[in-house]
J.: 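Below is one structure. I have some questions about it.
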Amino acid sequence: MKVRDAMTHDVRITNPDETILQAAQTMADLDAGILPVGDHDRLVGMITDRDIAIRGIAQGRGPDAKVRDVMTSEVKYCFDDQEIDEVCRNMGSIKVRRLPVLDHSKRLVGILSLGDIALAQSNGSAGKALSGISRHGGEHSQTA
């Protein structure tokens, strides 16, 4: 199965100059824990509810702090025509639960989450990825 067959297609984007309050309100409206960050039609980062809590509030930043101050700027992504099993293995090894999905023109076309994968496939791919993600430490650990 291809990523495009399982991903969430309707994606809202925030920009680096919005406040973390605005980003959190958008996440609440969407019932989502992540937003891509775009600047002039270019994906420049991702911000999660955890980024807001750990890199924002826990470090004394208030609701007027800018998204750019707490976002993850090194964006890992996948392509819409990749096989889900391949992407799952990658998600497990890089320890991320969600990835932005790009087309080959590098345009954002969706988000792929472990939940999307679990709903689309019953072969255990999401569980295997979660097992890798759940190991302590690694590049995306915010408490290291």
Side-chain angles (χ1 to χ4, degrees), residues 1-59 61 65-144:
M1 178 180 279
K2 301 286 187 189
V3 167
R4 74 171 66 88
D5 299 322
M7 71 184 190
T8 299
H9 294 268
D10 186 25
V11 180
R12 295 258 308 268
I13 298 173
T14 188
N15 76 60
D17 293 318
E18 286 188 0
T19 66
I20 61 174
L21 174 62
Q22 291 169 306
Q25 288 170 332
T26 299
M27 287 180 197
D29 291 345
L30 298 171
D31 190 25
I34 191 167
L35 287 173
V37 182
D39 190 19
H40 296 84
D41 199 31
R42 193 172 138 246
L43 186 63
V44 296
M46 299 291 284
I47 185 168
T48 66
D49 47 8
R50 184 168 168 81
D51 292 330
I52 293 169
I54 303 298
R55 294 181 184 155
I57 306 305
Q59 293 188 10
R61 292 183 169 104
K66 300 296 183 192
V67 165
R68 74 174 66 254
D69 296 330
V70 301
M71 72 181 196
T72 299
S73 54
E74 183 182 334
V75 180
K76 304 291 187 185
Y77 58 88
C78 63
F79 290 107
D80 61 346
D81 62 351
Q82 281 183 272
E83 292 291 331
I84 287 181
D85 289 339
E86 171 192 359
V87 174
C88 275
R89 286 189 297 275
N90 189 38
M91 289 170 82
S93 67
I94 64 174
K95 297 180 182 257
V96 297
R97 298 174 193 274
R98 305 168 209 107
L99 282 174
V101 181
L102 306 181
D103 64 17
H104 285 283
S105 298
K106 297 254 179 141
R107 300 267 182 229
L108 181 69
V109 295
I111 296 273
L112 182 69
S113 71
L114 287 181
D116 294 331
I117 296 165
L119 289 172
Q121 288 194 181
S122 59
N123 66 359
S125 295
K128 289 176 190 170
L130 183 58
S131 175
I133 293 164
S134 297
R135 285 191 306 262
H136 291 290
E139 178 182 353
H140 295 283
S141 175
Q142 294 178 340
T143 58

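Predicted model, so just to flag it, every value in this text is computed and none were measured.
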J.: Shortest non-hydrogen contact from H9 to R4?
T.: NE2-O, 3.3 Å
J.: Could you pull out the closest heavy-atom pair between R98 and T48, with the gap in Å?
T.: NH1-CG2, 4.0 Å
J.: Scan the side chains in residues 107-115 for donor-acceptor partners under 3.5 Å anywhere in the protein, sequence neighbours excluded, and list what turns up.
T.:
{"unit_1": "R107", "atom_1": "NH1", "unit_2": "D41", "atom_2": "OD1", "d": "3.4"}
{"unit_1": "R107", "atom_1": "NH1", "unit_2": "D41", "atom_2": "OD2", "d": "2.3"}
{"unit_1": "S113", "atom_1": "OG", "unit_2": "G115", "atom_2": "N", "d": "3.3"}
{"unit_1": "S113", "atom_1": "OG", "unit_2": "D116", "atom_2": "N", "d": "3.0"}
{"unit_1": "S113", "atom_1": "OG", "unit_2": "D116", "atom_2": "OD2", "d": "3.3"}

J.: If you draw a 6.0 Å radius around CG in D29, do more than 12 non-hydrogen atoms from other residues or ligands fall strictly inside?
T.: yes
J.: Can you name the residues that form a side-chain contact (heavy atoms from CB on, under 4.5 Å) with L119, not counting sequence neighbours?
T.: none
J.: Identify the two heavy atoms, one from I47 and one from M27, that lie closest to each other, and give their separation to 0.1 Å.
T.: O-CE, 3.4 Å
J.: Taking E83 for the side chain and M1 for the main chain, is one N or O donor matched with an acceptor at less than 3.5 Å?
T.: yes
J.: Return the CG to CD1 distance between D69 and I20, rounded to the nearest 0.5 Å.
T.: 8.5 Å
J.: Mind listing the closest non-hydrogen atom pair of K2 and D80 along with its distance?
T.: CB-O, 4.0 Å
J.: Tell me, with the steps shown, if R68 and D17 meet salt bridge (Lys or Arg N to Asp or Glu O under 4.0 Å).
T.: CA-CA 7 Å; R68 74 174 66 254; D17 293 318; 2.8 Å; yes
J.: Applying ring-ring contact (aromatic ring centres under 6.0 Å, His included), which residue pairs with at least one partner in residues 83-113 are found, sequence neighbours left out?
T.: F79-H104
J.: Determine whether D51 and M46 satisfy the following criterion, side-chain contact (heavy atoms from CB on, under 4.5 Å), listing intermediate values before the conclusion.
T.: CA-CA 9 Å; D51 292 330; M46 299 291 284; 5.7 Å; no
J.: Looking only at heavy atoms, which two atoms of L35 and A23 are closest? And how far apart?
T.: CD1-O, 3.6 Å
J.: Quick check against the 3.5 Å criterion: does R61 have a side-chain atom that pairs as donor or acceptor with the backbone of G56?
T.: no
J.: By salt bridge (charged side-chain N to carboxylate O under 4.0 Å, His left out), which residues pair with E86, not counting sequence neighbours?
T.: none
J.: Tell me every residue that passes side-chain contact (heavy atoms from CB on, under 4.5 Å) with E18, counting only those two or more places apart in sequence or in another chain.
T.: T14, N15, Q22, V67
J.: Search all heavy atoms of V75 against all heavy atoms of V44 and return the closest pair with its distance.
T.: CG2-C, 3.9 Å
J.: Roughly how far apart are R42 CZ and K106 NZ, rounded to 0.5 Å?
T.: 10.5 Å
J.: Can you tell me how far OG1 of T19 sits from CD1 of I52, rounded to the nearest 0.5 angstrom?
T.: 9.0 Å
J.: Name all residues meeting the salt bridge (charged side-chain N to carboxylate O under 4.0 Å, His left out) criterion together with D81; count only those two or more places apart in sequence or in a different chain, and write none if there are none.
T.: none
J.: Got a second to check how far N90's CG is from Q82's CD, nearest 0.5 Å?
T.: 7.5 Å
